[in-house]
Amino acid sequence: MLLIGNGIVLTLGTSNQVIPQGGVLIQDTKIQEIGSTQDLQARFPEAEFIDAHGKLIMPGMINTHMHLYSTFARGMDSKSKPPKSFGDILEGLWWKLDKLLTLDDVYLSGLTPLIECIKTGTTTIIDHHASPMAITGSLSTLAKAAKEIGVRAAFCYEVSDRDGEKIAQEGIKENVDFITACQANPDPMVAGMFGLHASLTLSDQTLATCSEAANSKGAGFHVHVAEGVEDVQDCVSKHGMRVVERLEKFKILGPKTIAVHCVHIDDHEIDLLKASQTQVVHNPESNMGNAVGVTPVLKMMSQGVKVGLGTDGYTCDMFESGKVANVLHKHAVADPSVAWGEVPQMLYGNNPEIASELFGGKFGELVAGAWADVIVVDYVPPTPLNSNNWTGHLLFGISGRSVETTVINGRVRMLDRKLIDIDEVAIGERSRELAQGVWNRI
């Protein structure tokens with residue numbers, strides 16, 4: 001039994017409480033009780049105690065679109081011409097990198113960002129993987145890394161035709177095998193989805209095969225949708241329809257599916273996403289960095305589409321992603337009054353619902369019965385903090401590096417900024433060694 005107390009408990013969720021001198025009592029993997037520290041200590045004197053020293057205690061953060069494999073791109077010279085389009089970025093960087101990865105590279109490139117997740121208070125991720133020359137076993141390799149670090153994670157392999165039919169078929173099998181293994185041995189820390197790259201790299205035949213395979217397993221899809229205008233142009237030119245329409249045709253949409261980006265979609269496509277209850281994930285930093293445009297988040301949310309927030313591998317810090325989303329949409333519509341409600345809803349409301357759909361159980365709220373994913377943040381509010389203004393405190397007062405303690409599934413992974421049972425130095429040394437090998441092969 002673990003008691004995190006002597007802090008300001010921010011429950012979030014439907015309870016939406018702020019409890020001064022509060023505590024969170026954890027039994028095994030679930031939260032057992034929320035209340036005053038004094039009362040909980042009196043009734044549960046045997047509980048191990050973590051003192052928050054008056055700082056903020058809140059639910060762990062969730063990243064609903066991540067690319068762990070992108071780690072080795074940091075500082076890398078891709079030996080390509082400066083990109084002028086999103087297509088140039090794909091061909092000149094990501095499609096060079098992913099082909100060079102071995103299973104050892106996949107494993108090590110996963111460990112570092114998973115450590116960064118712990119350091120920035122991200123307790124759950126939904127990852128989208130690619131390593132076309134090392135597909136078989138890649139998802140179980142990533143799952144191994146996640147289990148060792150202790151981050152809750154879902155994985156999929158991005159099926160694509162860009163490297164030929166044989167590799168596409170291997171990607172399909174990897175998804176099916178991993179989903180089957182997850183279903184045969186349910187684990188609240190690991191889940192599987194069926195990955196697809198994007199419409200522009202998928203033939204009708206491959207889409208049909210993927211649809212049949214995933215639906216036979218009752219699995220949801222994780223797919224990039226209309227991220228760059230190239231995806232739309234390709235779809236209209238080759239198939240006479242827009243991207244979301246094509247995905248609907250092949251039964252890809254649905255309440256278990258994550259449609260990532262959705263930058264270049266029209267009103268009809270928004271209607272299709274809403275009608276199918278497809279979940280959309282917005283990645284503001286990535287969209288800005290790749291110069292692909294601004295996702296119509298405000299319109300989608302106003303029309304009832306569930307939109308979550310991810311990072312696309314740009315960062316592990318979900319507080320950072322929230323800050324960027326807030327200013328991006330104000331800037332895009334030249335209206336300082338927007339995005340105050342939508343961004344917190346994405347980050348603290350919709351992301352927990354998306355995670356719950358995948359893993360089961362309750363996320364994003366400190367309440368009895370929820371998963372024990374809890375963080376302590378080095379933030380003592382300089383002004384009153386209450387159930388009506390907490391969004392402003394989190395937006396302007398906190399970054400991921402403010403996180404001091406991270407507990408995931410009831411297991412302490414970082415305490416007072418010290419990682420528990422993780423040799424970060426050794427992992428970093430090996431990661432740099434393998435990354436240099438990848439760079440030498442470019």
Non-neighbouring partners of [X] that pass side chain to side chain donor-acceptor pair (under 3.5 Å), sequence neighbours left out:
X    : answer
N16  : W390
D187 : none
D317 : none
H264 : none

### Message
My understanding is that only residues two or more places apart in sequence, or in another chain, count here; which of them pass side chain to side chain contact (heavy atoms under 4.5 Å, CB included) with S286?
### Response
E227, H261, N283, N290, D312, Y314

For [X], does the [atom1] atom have more than 12 heavy-atom neighbours from other residues, nucleotides or ligands under 6.0 Å away?
X    : atom1 : result
K251 : NZ    : no
Q183 : CD    : yes
K55  : NZ    : yes
K274 : NZ    : no

Working to the nearest 0.5 Å, report the span between [atom1] of [X] and [atom2] of [Y].
X    : Y    : atom1 : atom2 : value
I408 : M414 : CD1   : CE    : 9.5 Å
S387 : L12  : OG    : CG    : 11.0 Å
L100 : S131 : CG    : OG    : 11.0 Å
T405 : L415 : OG1   : CG    : 4.5 Å
I62  : M346 : CD1   : CE    : 14.0 Å
M58  : L366 : CE    : CG    : 8.0 Å

Only pairs under 3.5 Å count here: list side-chain donor-acceptor contacts from residues 21-33, not counting sequence neighbours, and write none if there are none.
residue: E33; atom: OE1; partner: R43; partner atom: NH2; Å: 3.3
residue: E33; atom: OE2; partner: R43; partner atom: NH2; Å: 2.2

### side-chain contact (heavy atoms from CB on, under 4.5 Å) between I57 and V374, intermediate numbers included
CA-CA 7 Å; I57 304 170; V374 185; 3.7 Å; yes

Would you find a donor on one side and an acceptor on the other, under 3.5 Å apart, between the side chain of [X] and the backbone of [Y]?
X    : Y    : value
R413 : I420 : yes
D373 : N409 : yes
Q303 : I270 : no
E174 : G137 : yes

### Message
Set out, in order, the CA-CA distance, both residues' side-chain angles and the distance that settles side-chain contact (heavy atoms from CB on, under 4.5 Å) for L108 and F72, then state yes or no.
### Response
CA-CA 9 Å; L108 262 297; F72 284 0; 4.3 Å; yes

Between [X] and [Y], is any pair of side-chain heavy atoms under 4.5 Å apart?
X    : Y    : value
H65  : H222 : yes
E429 : V425 : yes
T11  : V367 : no
I179 : F194 : yes
M300 : L273 : yes
I252 : S211 : yes
Q345 : N350 : yes
E46  : M1   : yes

For [X], give me all partners under ring pair (Phe, Tyr, Trp, His ring centres under 6.0 Å), at least two apart in sequence or on another chain.
X    : value
F44  : none
Y157 : H129
H282 : H329
W95  : H197

Write down the atom of [X], the atom of [Y], and the distance for their closest heavy-atom approach.
X    : Y    : answer
L253 : S276 : CB-OG, 3.6 Å
I125 : C117 : CG2-SG, 3.8 Å
D98  : A130 : CB-O, 3.6 Å
G322 : L395 : O-CD1, 4.3 Å
R417 : V403 : NH1-O, 2.7 Å
G121 : T406 : CA-OG1, 4.1 Å

Side-chain donor/acceptor pairs under 3.5 Å, residues 353-362, sequence neighbours excluded:
residue: E353; atom: OE1; partner: K306; partner atom: NZ; Å: 2.9
residue: S356; atom: OG; partner: G361; partner atom: O; Å: 2.6
residue: K362; atom: NZ; partner: E365; partner atom: OE1; Å: 3.4

Please tabulate, one pair per line, all N/O donor-acceptor pairs under 3.5 Å involving side-chain atoms of residues 379-386, not counting sequence neighbours.
residue: Y379; atom: OH; partner: H393; partner atom: ND1; Å: 2.7
residue: N386; atom: OD1; partner: N388; partner atom: N; Å: 2.8
residue: N386; atom: OD1; partner: N389; partner atom: N; Å: 3.1

### Message
Run D77 and I442 through side-chain contact (heavy atoms from CB on, under 4.5 Å) and show every step you take.
### Response
CA-CA 8 Å; D77 178 3; I442 286 284; over 6 Å; no

### Query
Taking it one step at a time, do E158 and Y69 satisfy side-chain hydrogen bond (donor to acceptor under 3.5 Å, both in side chains)?
CA-CA 12 Å; E158 63 161 50; Y69 82 88; 4.9 Å; no

### Task
Go through the steps to decide whether S109 and D105 satisfy the test side-chain hydrogen bond (donor to acceptor under 3.5 Å, both in side chains), and finish with yes or no.
CA-CA 6 Å; S109 65; D105 297 326; over 6 Å; no

### Task
Kindly determine whether L111 and I422 satisfy side-chain contact (heavy atoms from CB on, under 4.5 Å), including the steps that lead there.
CA-CA 10 Å; L111 290 177; I422 298 171; over 6 Å; no

### Task
Evaluate salt bridge (charged side-chain N to carboxylate O under 4.0 Å, His left out) for R430 paired with E433, printing each intermediate quantity in order.
CA-CA 5 Å; R430 180 60 175 154; E433 179 184 344; 2.9 Å; yes

### Task
Please name the residue in the list T122, T311, N351, T123 that meets the side-chain hydrogen bond (donor to acceptor under 3.5 Å, both in side chains) test with N63.
T311

